[in-house]
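First comes the structure, then the notes that go with it.
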Amino acid sequence: MSARAFAVDRPPGALREIPDTATEFDRSVSLGVQEFASLAGGVTTTRLATPPRRLTLSWSALLPDHARWLDALARRAHGPGPLAVLDPAGDNLLEAGQSLGRTPRRISLAGWGALAERADGTLTVTDTRDNSSQLYYLPPYWAGWPVLPGVPVSFTSDLTRSGGARAVLDFWDGAGTFLDSVGPVSPVATAVPPAGAVFASPKVWLPALTTPTPVGGALLRLGEPVDAAEPIPVGDGCPAMTVTGYADRPRLPHRDLSLTLVEVRRAPS
């Protein structure tokens with residue numbers, strides 16, 4: 001997949017693809033590691049628990065329409081609030097813990113059963129009932145994961161591949177109104193968002209499980225198809241980000257642009 005960026009501003013629903021290939025694309029993570037050396041020569045380290053993600057994107061000879069769009073986002077022409085950035089190098093829109101079936105969970109159980117955490121952080125489900133128990137994957141910021149009109153969304157999990165569970169995709173508009181549901185199917189649920197859809201939410205219909213069963217991995221992807229046999233990659237998430245750096249170098253009729261973005265986690269930025 002070429003280095004492309006997708007962005008959405010407030011209010012939700014403005015997700016837009018920038019198809020021009022970026023000449024610079026840096027997604028390095030600043031881990032925030034600090035070293036402390038004792039007089040005896042021992043070294044200890046500290047680091048951020050969850051380092052914020054950063055992106056740097058640059059385009060050469062960007063088409064005017066795309067340049068105007070990015071310029072408006074950088075200058076907050078549409079008002080305050082973070083941007084949803086779909087990293088083109090990310091294979092899995094779920095958070096890392098969600099993709100691994102581990103804590104921090106951001107996974108909830110509705111209906112019959114119990115969701116528990118083992119000492120090693122593995123999540124398990126038990127005492128579920130067929131057609132009466134569902135696992136929900138919770139988005140970190142918005143009401144769901146942002147989607148693009150006409151671009152298919154796919155979801156699968158270890159439970160739907162081999163555990164007898166079924167995958168479901170729910171779609172919502174920008175006001176949080178339910179629009180449609182696709183599934184339950186096994187092992188992969190794939191759907192093009194219905195008209196008016198802004199967010200997608202994946203969930204799993206569970207079979208009857210009488211012994212603690214690991215939740216396992218899960219994969220949510222936009223655009224690229226999902227193969228039921230492919231290994232599930234660790235999730236990259238869909239972070240809310242704000243622009244911290246912007247450069248505009250016109251070469252009329254085109255423009256050279258660059259953006260620097262950093263992840264935000266709480267209040268709109």
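Only this structure's heavy atoms are used, side chains among them; waters, hydrogens and symmetry mates stay out.
Atom CG of D26 and atom CG of L55 lie 8.5 Å apart (nearest 0.5 Å). L62 contributes atom CG, which lies 10.5 Å from atom CZ of R251 (distance to the nearest 0.5 angstrom). Note: S157 OG to L220 CG = 11.5 Å, rounded to the nearest 0.5 Å. Between atom CZ of residue R54 and atom CE of residue M241 there is a gap of 8.5 Å, rounded to the nearest 0.5 Å. Rounded to the nearest 0.5 angstrom, N92 CG and F155 CZ are separated by 9.5 Å. Distance CG/L15 to CZ/F199: 9.5 Å, rounded to 0.5 Å.
Checked for salt-bridge contact, E95 and R102 miss the test: no charged N lies under 4.0 Å from a carboxylate O. Ion pairing between a basic and an acidic side chain is recognised when a charged N comes within 4.0 Å of a carboxylate O; D248 and R75 show no such pairing. For the pair D236 and R27, the salt-bridge criterion is met [side-chain N within less than 4.0 Å of a carboxylate O].
The shortest non-hydrogen separation linking P146 to L86 is O-CD1, 4.3 Å. For the residue pair L115 and V125, the shortest heavy atom distance occurs at CD1-CG1, 3.5 Å. Closest approach of L148 and E17 over heavy atoms only: CD2-N, 4.2 Å. Residues P193 and V151 share a closest heavy-atom pair of CD-O, 3.1 Å. The nearest pair of heavy atoms linking R129 to S133 is N-OG, 3.0 Å. Scanning all heavy atoms of the two residues, the minimum distance from P207 to T128 falls at O-OG1, 2.6 Å.
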Tell me, with the steps shown, if V243 and L73 meet side-chain contact (heavy atoms from CB on, under 4.5 Å). CA-CA 8 Å; V243 177; L73 291 180; 5.5 Å; no
Side chain to side chain donor-acceptor pair (under 3.5 Å) for S154 and T190? Distances and angles first, verdict last. CA-CA 4 Å; S154 297; T190 299; 2.9 Å; yes
Please walk me through it: do T103 and L123 pass side-chain contact (heavy atoms from CB on, under 4.5 Å)? CA-CA 7 Å; T103 55; L123 297 177; 3.9 Å; yes
How far apart are the C-alpha atoms of L63 and H254, what are their side-chain angles, what is the distance that settles it, and do they pass the side-chain contact (heavy atoms from CB on, under 4.5 Å) test? CA-CA 6 Å; L63 294 175; H254 303 290; 3.9 Å; yes
Begin from the C-alpha positions of V234 and L100 and carry the test side-chain contact (heavy atoms from CB on, under 4.5 Å) through to its verdict. CA-CA 7 Å; V234 175; L100 296 169; 4.0 Å; yes
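V168 has its side chain within reach of S181: a pair of non-hydrogen atoms, C-beta onward, lies under 4.5 Å apart. Side chains of R255 and D71 form a contact here, defined as non-hydrogen atoms less than 4.5 Å apart. Residues P187 and R166 are not in side-chain contact: their nearest non-hydrogen atoms beyond the backbone lie 4.5 Å or more apart. Within the 4.5 Å cutoff, the side chain of V198 has no heavy atoms near those of the W142 side chain. Side-chain contact check for W59 versus S258: every heavy-atom pair is 4.5 Å or farther apart. E117 places none of its side-chain heavy atoms less than 4.5 Å from the side chain of T122. Between T45 and Q34, the closest side-chain pair of non-hydrogen atoms is not below 4.5 Å. Side-chain contact check for L261 versus L83: some heavy-atom pair is nearer than 4.5 Å.
Residue L209 is grouped with residue L135 when hydrophobic side chains (ILVMFWY) are merged at heavy-atom distances under 4.5 angstrom, including chains of intermediate members. Under a hydrophobic clustering in which Ile, Leu, Val, Met, Phe, Trp and Tyr are joined whenever their side-chain heavy atoms come within less than 4.5 Å, directly or via other members, Y137 and L219 fall into different clusters. No path of Ile, Leu, Val, Met, Phe, Trp and Tyr side chains, each step under 4.5 Å between heavy atoms, connects I232 with L222, placing them in separate hydrophobic clusters. Residues Y246 and L70 are members of one and the same hydrophobic cluster, defined by side-chain heavy-atom contacts under 4.5 angstrom among Ile, Leu, Val, Met, Phe, Trp and Tyr. Residues V215 and L109 are members of one and the same hydrophobic cluster, defined by side-chain heavy-atom contacts under 4.5 angstrom among Ile, Leu, Val, Met, Phe, Trp and Tyr.
Remark: side-chain polar atoms of S99 are paired, donor with acceptor, to backbone N or O of G235 under 3.5 angstrom. D158 places a side-chain N or O within 3.5 Å of a backbone atom of G217 that can act as its donor or acceptor partner. Listed for the D180 side chain is no donor-acceptor partner under 3.5 Å among the backbone atoms of P194. A donor-acceptor contact shorter than 3.5 Å is absent between the side chain of D127 and the backbone of A114. Put simply, the side chain of Q98 gets close to the backbone of L138: a donor and an acceptor are under 3.5 Å apart. In this structure, the side chain of E263 does not engage the main chain of P52 through any donor-acceptor pair within 3.5 Å. Although no hydrogens or angles enter the test, the distance criterion places a donor-acceptor pair under 3.5 Å between the side chain of R221 and the main chain of D91. Of the possible donor and acceptor atoms, one in the side chain of T23 sits under 3.5 Å from a partner among the backbone N and O of S58. No donor-acceptor pair under 3.5 Å is formed between the side chain of W145 and the backbone N or O of P139. Looking only at distances, a side-chain donor or acceptor of T213 sits under 3.5 Å from a matching main-chain atom of T211.
In this model, no donor atom of one side chain and acceptor atom of the other lie less than 3.5 Å apart for S186 and R161. Inspection of the S201 and D170 side chains reveals no N or O donor paired with an N or O acceptor under 3.5 Å.
In this structure, F178 has its ring center under 6.0 Å from that of W172.
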